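Remarks on the structure that follows.
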Amino acid sequence: MSNQSLIALLDRVDRHPGQAALRARSYELLGLAAGSRVVDVGCGAGPAVAEMAALGARPIGLDVDGQVIEVARSRHPGLEFRRSDACDLPFGDGELAGYRADKVYHSLADPARAAAEAWRVLAPGGRIVLMGQDWDTFVIDSDDPALTRVMVRARADAVPSPHAARRHRTLLLDAGFADVTAEVRTGVFTDGSLLPIVTGVAEGAYAAGAVTRCQADDWIAEQTGRARRDRLFLAVPMFLAAARRP
């Protein structure tokens with residue numbers, strides 16, 4: 001998927017009411033204070049950075065993709081965006097009051113290293129919030145549940161750290177954070193405009209060699225028909241963990 005297509009898809013997801021509520025919950029868990037310096041790791045096109053700025057914080061958006069950072073800068077002039085890796089943040093020790101990472105840790109080969117880096121840049125008392133999906137827990141309605149299970153598992157296996165979200169609490173505890181909490185909120189998607197999320201599962205399974213091209217195509221055709229008839233159903237549990245640096 002091209003960057004442009006990915007950004008368009010993420011825009012559709014971000015506009016979903018459930019996702020807006022999820023972002024709002026992350027800001028509550030961060031305990032944003034006026035003027036607090038907060039980083040949004042994996043900021044994408046910057047919706048959370050803009051929302052945190054509107055709440056009075058001083059957010060910085062980071063993303064490893066330079067093209068995505070340029071999109072964020074064009075959409076939100078006057079806000080701060082930088083290209084950076086989650087495991088090598090451009091801040092000094094104890095420089096930040098808050099750290100937020102949404103749908104990031106599953107893409108990292110070493111999520112524990114990113115959590116340790118979060119500890120480094122947060123000041124004592126600083127807050128961290130991790131959010132993300134566990135790639136084995138996608139729930140997709142289908143006429144062939146057995147094949148769907150194979151596809152979901154194969155797609156998950158292609159992700160660098162597919163189970164990072166279920167490990168958020170452990171990652172934070174192991175990094176030395178205190179007052180760690182964990183919760184889950186499930187997003188339910190029935191909008192046909194989000195069909196690419198579902199068909200991407202089949203394409204990923206085919207690329208991994210778990211299903212044949214015919215199986216993938218037939219399954220995609222079924223899901224496309226469901227979307228056309230308003231019968232698409234995708235549920236994705238989103239895991240949140242929050243903590244404080246002592």
Side-chain angles (χ1 to χ4, degrees), residues 1-30 32 38-84 86 98-108 128-135 137-140 155 159 164-165 168 183-201 204 223 227 232-242:
M1 183 179 294
S2 68
N3 273 359
Q4 186 174 2
S5 297
L6 178 59
I7 291 171
L9 178 58
L10 291 175
D11 283 345
R12 291 196 290 271
V13 172
D14 285 338
R15 287 192 293 266
H16 190 277
Q19 295 302 297
L22 192 66
R23 291 196 304 276
R25 177 57 178 156
S26 75
Y27 311 147
E28 292 175 3
L29 291 169
L30 278 173
L32 293 177
V38 182
V39 66
D40 187 35
V41 178
C43 65
V49 173
E51 289 170 351
M52 288 191 288
L55 291 171
R58 291 192 299 137
I60 308 101
L62 303 181
D63 203 285
V64 71
D65 190 313
Q67 292 183 339
V68 169
I69 287 295
E70 290 305 315
V71 171
R73 287 172 176 163
S74 68
R75 290 186 180 183
H76 309 289
L79 298 182
E80 185 175 355
F81 296 94
R82 306 183 196 175
R83 183 177 182 182
S84 177
Y99 173 108
R100 179 183 183 275
D102 181 4
K103 298 185 286 293
V104 174
Y105 275 38
H106 69 256
S107 67
L108 305 177
I128 181 171
V129 175
L130 303 180
M131 305 163 55
Q133 69 272 33
D134 185 297
W135 285 76
T137 62
F138 280 37
V139 179
I140 304 171
R155 179 66 184 91
V159 176
H168 281 163
E183 57 190 74
V184 61
R185 300 205 174 185
T186 301
V188 176
F189 305 96
T190 59
D191 184 351
S193 69
L194 299 179
L195 180 64
I197 295 177
V198 177
T199 59
V201 171
Q223 294 298 321
L232 188 71
F233 184 89
L234 166 67
V236 182
M238 295 294 292
F239 298 87
L240 295 86

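Because the structure is predicted, anything quoted here is derived from the model rather than measured.
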Check: With Gln19, which residues qualify under side chain to side chain donor-acceptor pair (under 3.5 Å), at least two apart?
Finding: none
Check: What distance separates Ile69 CD1 from Phe81 CZ, expressed to the nearest 0.5 Å?
Finding: 7.0 Å
Notebook entry, point to check: Are side-chain heavy atoms of Ile140 and Gln223 found at a separation under 4.5 Å?
Noted result: yes
Notebook entry, point to check: Can you tell me how far CG of Leu32 sits from CD of Glu51, rounded to the nearest 0.5 angstrom?
Noted result: 11.0 Å
Check: Of the non-hydrogen atoms in Leu30 and Met52, which two are nearest, and what is the gap between them?
Finding: CD1-SD, 4.0 Å
Check: Checking Arg185 side chain against Leu22 main chain: does a donor-acceptor pair fall under 3.5 Å?
Finding: no
Next item on the list: Report the C-alpha separation of Val139 and Val236 in whole Å, then their side-chain angles, then the decisive distance to 0.1 Å, and conclude whether the side chain to side chain contact (heavy atoms under 4.5 Å, CB included) test is met.
Entry: CA-CA 6 Å; Val139 179; Val236 182; over 6 Å; no
Notebook entry, point to check: Which is it for Leu232 and Phe189 under the side chain to side chain contact (heavy atoms under 4.5 Å, CB included) test, yes or no, and what are the steps along the way?
Noted result: CA-CA 8 Å; Leu232 188 71; Phe189 305 96; over 6 Å; no
Notebook entry, point to check: Does the side chain of Lys103 come within less than 4.5 Å of Met238's, by heavy atoms?
Noted result: yes
Notebook entry, point to check: Is Arg25 paired with Glu183 through a side-chain N to carboxylate O contact shorter than 4.0 Å?
Noted result: yes
Checklist line | Over all atoms of both residues, closest heavy-atom pair of Ala101 and Tyr99 | finding: CB-CE2, 3.9 Å
Notebook entry, point to check: Between Arg75 and Asp11, what is the shortest heavy-atom contact and its length?
Noted result: NH2-OD2, 2.8 Å
Checklist line | Closest heavy-atom pair and its distance - Ala242, Leu29 | finding: CB-CB, 4.0 Å
Check: How long is the gap from CE on Met131 to CZ on Arg100, to the nearest 0.5 Å?
Finding: 5.0 Å
Note to self: For Asp40, is there an ion pair with Arg23 - N to carboxylate O distance below 4.0 angstrom?
What the structure shows: no
Item checked: Gap separating the CG atom of Leu130 from the OG atom of Ser26, nearest 0.5 angstrom -> 11.0 Å
Margin query: When you compare the side chain of Thr137 with that of Phe239, does any pair of heavy atoms fall below 4.5 Å?
Written below: yes
Notebook entry, point to check: So, does His168 use its side chain to make a donor-acceptor pair with the main chain of Gly132 at under 3.5 Å?
Noted result: no
Note to self: Quick check: closest heavy atoms across Leu234 and Ile197, and the distance to 0.1 Å?
What the structure shows: CD2-CG2, 3.6 Å
Next item on the list: State plainly whether the residues Asp14 and Arg12 are in salt-bridge range, i.e. N to O under 4.0 Å.
Entry: no
Next item on the list: Could you grab the distance from atom OG of Ser193 to atom NE2 of His16, nearest 0.5 Å is fine?
Entry: 9.0 Å
Under 3.5 Å, side-chain donor or acceptor atoms of residues 41-50 against the rest of the protein: list the pairs with distances, not counting sequence neighbours.
none

Margin query: Between Asp191 (side chain only) and Leu194 (backbone N and O only), is there a donor and an acceptor less than 3.5 Å apart?
Written below: no
